[in-house]
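Per chain, numbering begins at 1; letters A, B, ... match sequence-line order. All values derive from a computational prediction rather than experimental measurement. These values consider heavy atoms only, across backbone and side chains, with no hydrogens, waters or symmetry-generated copies.
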Protein chains: 2
Amino acid sequence: MSGQDGGCDMEGGPDVSWTAEVTTSGVSAAAVPSGSSGSSSSLAGQAHEVLAVVLQIRAGRLSVLLWERARAPFAGFWALPGGRLGWQEDLDPSIRRQLAQKVDVRDLTHLEQLETRGEPERHPGGRVLATAYLGLVPADLDPVIPADTSWHPATQLPQMAFDHAGIVDSGRRRLRAKLSYTNVGFALAPPEFTMSELSGYYRAALGHDVAATNLRRVLLRRGQIEDTGRCVPSGRSGGRPAALFRFRQRELEVTDAFAVLRPPHRG
Amino acid sequence: MSGQDGGCDMEGGPDVSWTAEVTTSGVSAAAVPSGSSGSSSSLAGQAHEVLAVVLQIRAGRLSVLLWERARAPFAGFWALPGGRLGWQEDLDPSIRRQLAQKVDVRDLTHLEQLETRGEPERHPGGRVLATAYLGLVPADLDPVIPADTSWHPATQLPQMAFDHAGIVDSGRRRLRAKLSYTNVGFALAPPEFTMSELSGYYRAALGHDVAATNLRRVLLRRGQIEDTGRCVPSGRSGGRPAALFRFRQRELEVTDAFAVLRPPHRG
DNA sequence: GCAAAAGTGTTTCAACTACACCCATGT
DNA sequence: ACATGGGTGTAGTTGAAACACTTTTGC
């Protein structure tokens, strides 16, 4: 979205007006949970889970971490890592805790909230709200993951449980948008990298070619990356040794509110 | 966001690893609510409310709809409209229903999800999760609102209840970003408008000057607006009559994934 | 005619893409 | 030497901001 950015959850919406019926059930008390218990339905809360779309560039492809469900519903289908929100737990800590089961949390270089889904029918077993997060793992790591868990190319997902396919898509779009106007690249790349490596990560995440030459200049101009002064020895087939770069910041920054990185004209 | 876009919920995050302790409580069953009830805490769900940041340009200022709380907690403070999520209710319909108490839902030209907050302490009365929405009302309407409710300039909020001030800020930032790379303008403007009126709405929402001359060309080039062919009679002080424009689409579209509308260099 | 407001033409500028060319290394 | 891959210089393109100038109205 963003640019970019961000998601685009537009809703056409019904034309019906509930104005008449609703005003009966205590207007001002609506936002007070422990106060007047006006409506009968608000006694019990709703089950709430947190999920994560964990993305990493693996072998030049944007990949998602999924686990295979052993039991019904959706036995044999693949699902996003996550689980129930604890009773007095905040959302961010919760998804970090849940992810600890699948991947070492220290491997996550970035984590941000994506969206919350509340369709009553999204979970066959009963009403469960889900807040989804986007998590990123740098390309040089290979986290230890459980046996029921594996990485899948984000562009060709296996049979997905619940509404998780749509959530993965939200994550991909969010990442793509933010690569254009923020420095999220730092979360995909290792601490140091050559420009051709970096352009590979961008290509995988954006889905189109990214010229290393221009990427270098764009990111340098924006102050996102800097030259370490060191080089990487050239390969067995020769070639000039590549300079090593690093991101200047390892936290999310908006570097170009009105952004760039458009697909090439020809090619 | 492109654009802007979008929100930027970055988290630095703790270095602690919970890996050891968590694996005890049944790994694969985490996302199955009605299946094996492994953990003791997941029996009761959490209270969940929906809130809306309803924005409108009123008298040249970006304004937000708030209601004044009558009772504790935060008696006399101002809060966002909203209320408890119904037992079998989806999030979007719920916020529409809740808003029906404050403003006719038919007046809303745009509604999108903003973010979900889950800090355990965000509500003094007990644990309440909140999913916030951004709603827009076109500048020509003056919806009928209840006595305890009124519009406030979004830049100078009154004493706000709970974490609602932060949520209003998220809404403002989201709107600003999306004005740059989508056609959300349609949701702020009346069905037909002159370019100087429209630039006034953009100025109010963006917080900086927007030249009607250039806005016209940008939005025409992008195909967002079109000339109706009709004019508005000039005022008593004369002047050339202004042409009437309309947005071509009245649903959200991304018109420029890598967007524009930067603040003026000088001025 | 003159002031006021809207609209047009033109210049300038920033930021990027494309591409030709130069540089450093291995064999 | 020369193939290979990285880096630099530079031209071309796009989209928008700035601003002078023209058009159309009321008085």
S.K.: Without decimals, in angstroms, what is the distance between B/Asp227 CG and C/dG7 P?
M.R.: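 Rounding to the nearest Å, CG of B/Asp227 and P of C/dG7 are 8 Å apart.
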S.K.: In whole angstroms, how far is the P atom of D/dA17 from the CG atom of B/Leu206?
M.R.: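 Computing the B/Leu206:CG to D/dA17:P distance gives 11 Å.
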S.K.: Can you measure A/Asp256 atom CG to C/dA14 atom P for me and round it to whole angstrom units?
M.R.: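 Nearest whole value for this atom pair: 14 Å.
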S.K.: Nearest 0.5 Å please: distance from the CG atom of B/Leu134 over to the CD1 atom of B/Ile95.
M.R.: 11.0 Å
S.K.: Measure the distance from CE on A/Met195 to C1' on C/dA24 and round it to the nearest whole Å.
M.R.: 19 Å
S.K.: With respect to the side chain of A/Asn214, which nucleotide from C/dC16, C/dA18, C/dG9 is positioned closest?
M.R.: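 Of the candidates, C/dA18 comes closest.
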S.K.: Return the value, rounded to whole Å, for the distance between atom CG of B/Leu220 and atom C1' of C/dA6.
M.R.: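 It is 14 Å, rounded to the nearest whole Å.
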S.K.: When you compare the side chain of B/Leu55 with that of B/Val137, does any pair of heavy atoms fall below 4.5 Å?
M.R.: no
S.K.: May I have the distance from B/Leu219 (atom CG) to D/dG15 (atom C1'), rounded to whole angstrom?
M.R.: 13 Å
S.K.: Strictly under 6.0 Å, is that where the ring centroids of B/Phe193 and B/Tyr201 end up?
M.R.: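 No, they do not, as the ring centres are separated by 6.0 Å or more.
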S.K.: Without decimals, in angstroms, what is the distance between A/Tyr181 OH and C/dA15 C1'?
M.R.: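 About 19 Å, once rounded to whole Å.
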S.K.: Going from CG on B/Leu62 to CZ on B/Arg176, what distance comes out if it is rounded to the nearest 0.5 angstrom?
M.R.: 9.5 Å
S.K.: Using a cut-off of less than 4.0 Å, is there contact between a side-chain N or O of B/Ser196 and OP1 or OP2 of C/dA6?
M.R.: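 Checking B/Ser196 against C/dA6: at least one side-chain N or O falls below 4.0 Å of OP1 or OP2.
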S.K.: Look at all strands and tell whether A/Arg216 reaches a base, only sugar-phosphate, or nothing, counting heavy atoms closer than 4.0 Å.
M.R.: sugar-phosphate
S.K.: Name the nucleic acid region contacted by A/Thr194, choosing base, sugar-phosphate or nothing; use a 4.0 angstrom heavy-atom cut-off, strictly under.
M.R.: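 If one applies the 4.0 Å heavy-atom cut-off, A/Thr194 turns out to touch nothing in the nucleic acid.
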S.K.: Of A/Arg221 and B/Cys231, whose closest DNA chain C nucleotide lies nearer the 5' terminus?
M.R.: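 The residue mapped nearer the 5' terminus is B/Cys231.
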S.K.: Do the side chain of B/Gln56 and the main chain of B/Leu141 share a donor and acceptor less than 3.5 angstrom apart?
M.R.: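 The answer is yes, because a donor-acceptor pair under 3.5 Å joins these two groups.
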S.K.: I need the residues from residues 232-243 of chain B with at least one non-hydrogen atom less than 4.0 Å from DNA chain C; give them sorted by number, or say none.
M.R.: B/Ser237, B/Gly239, B/Arg240, B/Pro241, B/Ala242, B/Ala243
S.K.: What is the distance, to the nearest angstrom, from the CZ atom on B/Arg217 to the C1' atom on C/dT12?
M.R.: 13 Å
S.K.: List the atom of A/Ser170, the atom of A/Arg117, and the distance in Å for their closest heavy-atom pair.
M.R.: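 In this case the closest contact between A/Ser170 and A/Arg117 is OG-NH2, 3.9 Å.
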S.K.: About how many Å separate CG of B/Leu244 and CZ of B/Arg246, when rounded to the nearest 0.5 Å?
M.R.: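 One finds 9.5 Å between CZ of B/Arg246 and CG of B/Leu244.
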